[in-house]
Amino acid sequence: MPVPPTATARSSAAPTPTLAAPPAHRRTDAPPPGTAVEKKGEQAADGLVRWAAFCCVLVPVVLVVYGTSLAGAAGAALGLVSVTAACRLLLRRSERGLRAETARGGRRH
């Protein structure tokens, strides 16, 4: 029985890595405090929290419309609210740490 050709036999070009960016394109430091980039990041985080809060309301409503019990929908809402609150807390803590790090003049790694 003949052996199927391998990928290296079909192509003579060496494979190139696609996951890592070239060293010249990597960011090594955070933006200075108060810049438009930092404010845009904070706005994005606020928008993310707003969407999560909206989903905490929307999901239980959809569950009730599709026949889930009120207790089941309330349990889902409680779970979503707790996960959203934990994520918001971690996001705010991360933002504070980034601001403190850039105020010191340190570099992100």
*Any donor-acceptor N/O pair, Thr84 side chain to Leu80 backbone, under 3.5 Å*: yes
According to a hydrophobic-cluster definition based on side-chain heavy atoms being under 4.5 Å apart (Ile, Leu, Val, Met, Phe, Trp, Tyr only), do [X] and [Y] belong together?
| X | Y | result |
| --- | --- | --- |
| Leu89 | Val49 | no |
| Leu58 | Tyr66 | yes |
| Phe54 | Val81 | no |

*Between CZ of Arg93 and CZ of Arg88, what distance do you get to the nearest 0.5 Å?*
13.0 Å
_For the student: nearest non-hydrogen atoms of Cys56 and Ala77, plus distance_ = O-CB, 4.2 Å
_Check ion pair Asp46-Arg92 (N to O, under 4.0 angstrom)_ = yes
_Non-hydrogen side-chain atoms of Leu90 and Ser94 separated by less than 4.5 Å_ = no
